[in-house]
There are 2 protein chains.
Amino acid sequence: MADGDLLDRVLADPDLVPARADLVSRHDRKGGRLILVDGFAYQYRMLTSGRRQITAYLVPGDSYDLDAARENGSDHAVMALTSVRSVHLTTAEVAVLSLDHPSIDHAVMALTSVRSVHLTTAEVAVLSLDHPSIAEGLRLVGRIEEATLREWLVNIGGRPALERIAHLFCELDRRLHAVGLVDQDRFEMPITQYDLADTAGLSSVHVNRTIQELRRQGLIALTGRSLTILDRPSLQALADFQPRYLRLRASA
Amino acid sequence: MADGDLLDRVLADPDLVPARADLVSRHDRKGGRLILVDGFAYQYRMLTSGRRQITAYLVPGDSYDLDAARENGSDHAVMALTSVRSVHLTTAEVAVLSLDHPSIDHAVMALTSVRSVHLTTAEVAVLSLDHPSIAEGLRLVGRIEEATLREWLVNIGGRPALERIAHLFCELDRRLHAVGLVDQDRFEMPITQYDLADTAGLSSVHVNRTIQELRRQGLIALTGRSLTILDRPSLQALADFQPRYLRLRASA
DNA sequence: CGCACTCTTGAAAGTTGTCAACTCTCGTGG
DNA sequence: CCACGAGAGTTGACAACTTTCAAGAGTGCG
């Protein structure tokens, strides 16, 4: 069969994982190499104290461990935040698919609009290390993930609650905007305040009060699952948000 | 000239950088690709609030950006904590050196004793991406750095001050032990309490009180620049420290 | 309708930060 | 040799931030 067919077939038949189920569990030997087609997920780690620390979010178009660096088990797991459609790739599929997609512009991987992202990120997956430009692309993804991780460390270690939550919202805004999921400064954010608490290293009660302060300052509106950025410049200024680390295109 | 000669020459003539000077500055276009031969350094980021957040420590044997991923400027800088001897490698040197060191066991890069580390990590530097096993090695280094970054995020986001500082000491202990810099559960740690504060996301006053509590519990002794681990099992248990992320050999 | 989950609120307690001063060490210059 | 000054560590009192506990209100789904 043609490789394009395989790609189409793989994308056409994503796995469906319900909310709050592990997409990839800790010490998962099968490898979690996947692409998120639809829905939100997060990477997390449980402490022996019982506390949970979220270390990354996955939004549509994002991938996880495509280079199989964590194949032999890792120190964290990935859980679906909403019901999720994702494509899991086997080593065989990655290898087969890579044969006919030798040249993918890795700059494209920095994401543009949602439709192209799904395809583009998928294409990324079809690449093997045999193709230098592919290896290049995977390395870029890795660097963005690392820069984001460092940004989170700086955020949690260096900013008080209000700025911390504001920064998180700014990041989600830009990332979702890049994949076309922001409409009129408004986007769906299916993250509970408990999740935000375990992301920011705060208690859920304090997250709640912090969000109310952001509302009071007229920066955001948050009702149910829908977040609206009312004053992006002020919100970004408050958070000291510099989106360069995300390596997104100027617009989308 | 033979590659071995170049390697020797490079190692024999390290740069000397005084304490509190930048080894690599932000937006440094020259690229910071280096190996630390002697001394301590840290990677950090300044916030507009004036706060400094340390995101990583470099100890003897550690490298920085050998794969030149941050060549075009990054969001952070690297500063010498003590006076430092380091080897800076140019692109040309890395290229030349890579030609005759095709097969380096990447497992060795996980560090053993101090002498071999200096050589081994140096050898890592002499590798280019043309050699698959080298690329492999650089990727392993990257993964360890990323896992450490994630560990710090979990540490700062999820643990109170006492556990946080304890965890930091546990990590330094294991990393320095791996390069032979721990003698009788005691090692030199030229990190001020101000530095620790900006590492752990605490104030220096609170770091001071936290250290006193660790002393009071009989876990450590810290005088001047010398830290002694008095009760490693208890300290590690307190910190919930699992050294697996460092990927160190069993002993050294 | 009722359960489960999420959001919100108040009060009290605990943790951490700020400010300010004092001590200690160490290296330099008189 | 001693005085001095800079950097680092220590301490106390107080303020600010954040958590915990507990309870009630809102929301969506079977």
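The basis for the numbers below is simple: all heavy atoms, side chains too, and nothing from hydrogens, waters or symmetry mates. Proteins come first, then strands; the chains are lettered A, B, ... in the order of their sequence lines, and each starts at number 1.
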For this session: Round to the nearest Å and state the distance from A:Arg164 atom CZ to D:dT18 atom C1'.
Result: 10 Å

For this session: Could you walk me through whether B:Tyr64 and B:Ser86 pass the side-chain hydrogen bond (donor to acceptor under 3.5 Å, both in side chains) test, one step at a time?
Result: CA-CA 10 Å; B:Tyr64 176 76; B:Ser86 63; over 6 Å; no

Seminar exercise, completed: Rounded to whole Å, the CG-C1' distance (B:Leu227 to D:dG9) equals 15 Å

Exercise. Taking CG from B:Leu214 and C1' from D:dT10, how many angstroms apart are they, rounded to a whole number?
Worked result: 16 Å

Seminar exercise, completed: Whole-Å distance, B:Ile165 CD1 to C:dT15 C1', equals 14 Å

For this session: Please step through side-chain hydrogen bond (donor to acceptor under 3.5 Å, both in side chains) for the pair B:Ser226 and B:Arg186, ending with a clear verdict.
Result: CA-CA 7 Å; B:Ser226 174; B:Arg186 188 182 142 284; 2.9 Å; yes

For this session: Take A:Thr199 and A:Tyr57, measure what side-chain hydrogen bond (donor to acceptor under 3.5 Å, both in side chains) needs, and give me the verdict at the end.
Result: CA-CA 9 Å; A:Thr199 303; A:Tyr57 284 110; 2.6 Å; yes

Exercise. Between B:Phe241 and B:His167, what is the ring plane arrangement, given parallel below 30°, perpendicular above 60°, and tilted in between?
Worked result: perpendicular

Exercise. To the nearest angstrom, how far is A:Leu81 atom CG from C:dC5 atom P?
Worked result: 15 Å

For this session: For B:Thr192, answer base if it contacts any base atom (sugar-phosphate contacts may also be present), sugar-phosphate if it contacts only those atoms, and nothing otherwise; contact means non-hydrogen atoms under 4.0 Å.
Result: sugar-phosphate

Exercise. Within the structure shown, what part of the strands sits under 4.0 Å from A:Leu202 by heavy-atom distance: base, sugar-phosphate, or nothing?
Worked result: sugar-phosphate

Exercise. Between A:Gln193 and C:dC5, does any side-chain N or O lie under 4.0 Å from OP1 or OP2?
Worked result: no

For this session: Give a yes/no on whether any side-chain N or O of B:Arg215 is located under 4.0 angstrom from OP1 or OP2 of D:dT10.
Result: yes

Problem set entry | Residue whose nearest DNA chain D nucleotide is more 5′ - B:Arg20 or A:Ala161 | B:Arg20

Exercise. Between D:dT19, C:dT16, D:dG12, which nucleotide has the shortest distance from any of its atoms to the side chain of B:His206?
Worked result: C:dT16

Exercise. Has the side chain of B:Arg209 got a donor or acceptor atom sitting under 3.5 Å from an opposite partner on the base of D:dG9?
Worked result: no

For this session: Can you tell me the distance, in whole Å, between the CD1 atom of A:Ile220 and the P atom of C:dC7?
Result: 12 Å

Seminar exercise, completed: To the nearest angstrom, the CG-P distance between B:Leu222 and D:dA8 comes to 14 Å

Exercise. Within less than 4.0 Å of OP1 or OP2 of D:dT11, is there a side-chain N or O belonging to B:Gln212?
Worked result: yes

Exercise. Hey, is the side chain of A:Asn208 poking within less than 4.0 Å of OP1 or OP2 on C:dT8, counting only N and O atoms?
Worked result: yes

For this session: Ignoring hydrogens and angles, state whether a donor on the side chain of B:Gln212 or B:Asn208 is under 3.5 Å from an acceptor on the partner side chain.
Result: yes

Problem set entry | Any B:Arg225 side-chain nitrogen or oxygen under 4.0 Å from OP1 or OP2 of D:dG9 | yes

Problem set entry | Atom pair distance, as rounded to whole Å: OH in B:Tyr194 and C1' in D:dA6 | 11 Å

